[in-house]
Each structure stands twice: as C-alpha cells, then as structure tokens.
Amino acid sequence: MNTRIIVKKIFDILYWVLMTAVALYVLYWVIQITTACSFHTPSGSMQPTLLPDENGLVNKWKLGARIFNIFDAAEGKPYTMRRLPGYGKLDRGDVVIFNFPYLDSDTHRDSMAMNLFTYYCKRAVAVAGDSLEIRDCYYHVLGCSDTLGVAEEQERLRCYVDDYSKTHPDPREWKAWMKCCPRDSSIGWTIRDMGPLLIPGKGTTIELTYRHWLLYRRYIEWETKSKLEWLDSVAVLGGNPISRYTFNENYFFAAGDHAIDSKDSRYIGLVPEEFVVGTAGIRWRSPDRKRIFTFINKH
C-alpha cells in the first residue's frame with residue numbers, strides 16, 4: 001500500500017479520535033452545567049434519607065441551571081445570577097443541594113455570601129411565603145398538615161433535649177446550648193421552640209420593627225449590599241431611615257433530617273434560593289448496595 005495513503009489514514013483516525021474526545025469533553029461540561037452533577041454526603045446529618053458516604057445526582061432541570069461568572073463570584077466581585085428555564089419551583093419537602101451562605105463554614109459571620117467551595121444537602125421544610133414554627137422539636141407550617149422532615153428523628157431530639165434539661169437544671173446552661181438563630185435573648189428562640197417565622201419571598205413586605213430588624217437584617221444587607229442598623233428606635237439602611245422593606249429574593253428554611261446533629265437553618269439562618277444548585281434526584285453510590293439507583297425520597 002502506498003505510504004502516503006497509510007499516513008493519511010493514520011491522520012484521519014487520529015483526527016476522528018481527537019474530535020470525539022473534544023466532543024465528549026464538551027458534552028460532559030454541558031451536562032454538568034445544565035442538567036445534572038454529582039454530590040456526596042460526608043456526614044449523617046440527613047439520615048435516614050441519606051447515609052454517610054453516599055453519592056447522588058443533582059437535578060438542575062426543576063429550578064433551572066444557574067448561569068453566572070464563577071470566577072467573579074470566587075473573587076468576591078459583583079456578579080449576575082441567572083437561571084435557565086426550569087419545569088418547576090422549590091417545593092416544601094424538597095431535598096436540596098446548595099452553597100453554604102457564608103464564606104467561613106466553621107465560624108460564620110453575620111455577613112452572607114455564597115461559598116463556592118462548600119456545599120450542603122438539607123431538606124427545605126419551609127419555603128417562601130410559609131410561616132414556620134418549631135414546637136417541642138417538631139416542624140410546623142401554618143396551614144400545612146403534612147409531616148415535615150422525619151418525625152422519628154425530631155422525636156429523638158425531643159427526648160434528648162428533655163434528658164439534657166433534667167441533667168442540667170440551670171436553665172441558663174441548657175438554653176445557651178439550644179439557642180436558635182438569631183440567638184438574641186429578646187427573642188429567646190431555641191432548637192426546641194422557635195417561631196413563628198415568616199419565610200420571605202420576592203415581593204414580601206415587612207414593617208421594620210426592632211424584632212424584624214433582628215430576624216431579617218442579614219438578608220436585607222445581602223440583598224442591598226448596605227448596612228442595616230437600628231439607631232434611636234429606627235431602622236437605618238445605608239444611612240437612610242426606612243420603616244418597611246420589600247424583599248427581592250426567595251428564601252427557604254434548610255433542615256437536616258437527622259435533627260439531633262445537623263448544622264442547618266436553626267443555627268445559620270435562612271438560605272437564599274439563589275444559592276440552590278438543584279434538587280436531589282437518584283443515588284448512584286451507597287455503602288448499602290440495596291439503596292443504589294433508588295430515588296431520594298421527598299416527605
């Protein structure tokens with residue numbers, strides 16, 4: 001066979017292999033960005049729904065995939081967040097994967113920011129427009145009779161709290177341990193009893209009383225990028241007194257199913273819907289082989 005023909009065939013094969021590899025690489029990232037990606041649960045905070053060391057797929061189609069300049073966001077520069085069209089909205093009970101809402105995941109500050117390097121998986125027990133309460137460790141939403149989260153785990157927390165309070169008779173000791181966001185004595189919420197708390201959404205307007213300033217200050221500051229202070233019995237935003245505020249974003253209350261041991265909205269506060277990567281779909285890896293390729297349940 002002519003040497004030139006052989007060389008041409010070799011180059012044709014190499015070209016085909018290269019173009020196939022490039023196409024597969026592009027397709028991989030298109031799927032990662034627009035459709036689905038993998039997540040891992042390193043702890044037991046979502047037991048029994050998700051076990052430690054399980055992997056699942058994130059469904060990005062429901063809310064629509066996020067499109068933003070990841071480099072600007074990583075450097076703390078201003079960025080615009082957009083979503084591709086989705087087929088639904090965030091529903092109460094969805095298991096969601098989201099960016100941690102503070103730059104420091106260990107000792108978070110009051111200033112909210114999307115942490116691109118830390119992802120959490122929790123259940124949205126309350127969404128924008130809901131009025132949430134925790135009564136005796138159980139979650140309740142006004143007008144909703146459904147079980148929120150895993151009732152058995154909330155009962156376990158209730159028993160633990162009862163035992164703890166009996167062995168620590170000084171209320172100041174156990175109430176300090178149970179303090180719930182916003183951790184202010186004038187409100188006095190704990191992981192056993194808190195609320196009612198209105199979960200704000202786009203268009204929600206609140207009167208800026210001192211109580212509302214305590215509850216919603218960090219979210220208003222995140223939306224406006226301005227300091228919200230309480231001076232002489234008046235809320236002052238960016239140096240200007242205001243009496244009410246209308247929210248521009250949707251929020252949700254993220255709770256771990258394993259209520260006795262979960263770092264969630266009880267401690268870190270509400271999470272902006274903008275920080276949601278997607279909802280949990282199917283688990284593809286698990287220490288328990290019977291759970292592989294099963295859907296992650298919604299309560």
Do the side chain of [X] and the main chain of [Y] share a donor and acceptor less than 3.5 angstrom apart?
X	Y	result
Arg183	Tyr267	yes
Gln154	Leu148	yes
Thr246	Gly203	no
Arg266	Ala259	yes
Glu249	Glu223	no

List the atom of [X], the atom of [Y], and the distance in Å for their closest heavy-atom pair.
X	Y	answer
Asn69	Tyr79	O-CB, 4.3 Å
Leu198	Pro200	O-CD, 3.2 Å
Val161	Cys137	CG2-SG, 4.2 Å
Ser131	Pro196	OG-CB, 3.7 Å
Ala128	Gly201	CB-CA, 3.7 Å
Ser265	Cys181	O-CB, 4.0 Å

Quick one: pull up [atom1] in [X] and [atom2] in [Y] and give me the separation to the nearest 0.5 Å.
X	Y	atom1	atom2	answer
Ser38	Arg285	OG	CZ	9.5 Å
Asn250	Ile199	CG	CD1	11.5 Å
His212	Tyr216	NE2	OH	5.0 Å
Met178	Met194	CE	CE	13.5 Å
Asn55	Phe39	CG	CZ	8.0 Å
Asn59	Ile282	CG	CD1	11.5 Å

Could you check whether any side-chain heavy atom of [X] comes within less than 4.5 Å of a side-chain heavy atom of [Y], counting everything from C-beta outward?
X	Y	result
Asp91	Lys89	yes
Pro272	Phe98	no
Tyr119	Asn99	yes
Leu228	Ile242	yes
Leu237	Leu208	no

Group every Ile, Leu, Val, Met, Phe, Trp and Tyr by side-chain heavy-atom contacts under 4.5 Å, then state whether [X] and [Y] land in the same group.
X	Y	value
Val127	Leu142	no
Ile206	Leu270	yes
Leu57	Met46	no
Ile187	Leu197	yes
Met112	Ile268	yes

Charged N-O contact under 4.0 Å between [X] and [Y]:
X	Y	value
Asp94	Lys62	yes
Lys77	Glu75	yes
Asp193	Arg135	no
Glu153	Arg156	yes
Asp184	Arg211	no

(Q) Ring-plane angle category for Tyr138 and His140, please: parallel below 30°, perpendicular beyond 60°, tilted otherwise. (A) tilted

Q.
Please verify the inter-ring angle class for Trp213 with Trp230; under 30° counts as parallel, over 60° as perpendicular, anything in between as tilted.
A. tilted

Would you check if there is a donor-acceptor pair between the side chains of [Y] and [X] at a distance under 3.5 Å?
X	Y	answer
Lys179	Ser185	no
Asp288	Ser286	no
Ser262	Lys122	yes
Asp261	Tyr160	no

Q | Member of Phe252, Phe275, Tyr251 meeting the ring pair (Phe, Tyr, Trp, His ring centres under 6.0 Å) criterion with Tyr219 | A | Tyr251

Q: Could you please spell out the steps behind the side chain to side chain contact (heavy atoms under 4.5 Å, CB included) verdict for Val271 and Phe100?
A: CA-CA 8 Å; Val271 181; Phe100 190 73; over 6 Å; no

Over 12 foreign heavy atoms within 6.0 Å of [atom1], [X]:
X	atom1	value
Trp222	CH2	yes
Leu84	CG	yes
Arg291	CZ	yes
Ile292	CD1	yes
Phe295	CZ	no

Q: Just do the salt bridge (Lys or Arg N to Asp or Glu O under 4.0 Å) check on Glu155 and Arg158 with the steps written out, would you?
A: CA-CA 5 Å; Glu155 173 63 17; Arg158 188 191 68 80; 2.7 Å; yes

Q.
Please evaluate residues Tyr120 and Asn115 with respect to the criterion side chain to side chain donor-acceptor pair (under 3.5 Å), reporting the C-alpha separation (whole Å), side-chain torsions for both, the decisive distance (0.1 Å), and the verdict.
A. CA-CA 10 Å; Tyr120 272 32; Asn115 189 328; over 6 Å; no

**Q.** Val277/Lys60 under side chain to side chain contact (heavy atoms under 4.5 Å, CB included): CA gap, chis, key distance, verdict
**A.** CA-CA 7 Å; Val277 180; Lys60 296 186 177 184; 3.8 Å; yes

Q: Can you spot which of Glu54, Arg123, His258 makes a side-chain hydrogen bond (donor to acceptor under 3.5 Å, both in side chains) with Thr49?
A: Arg123

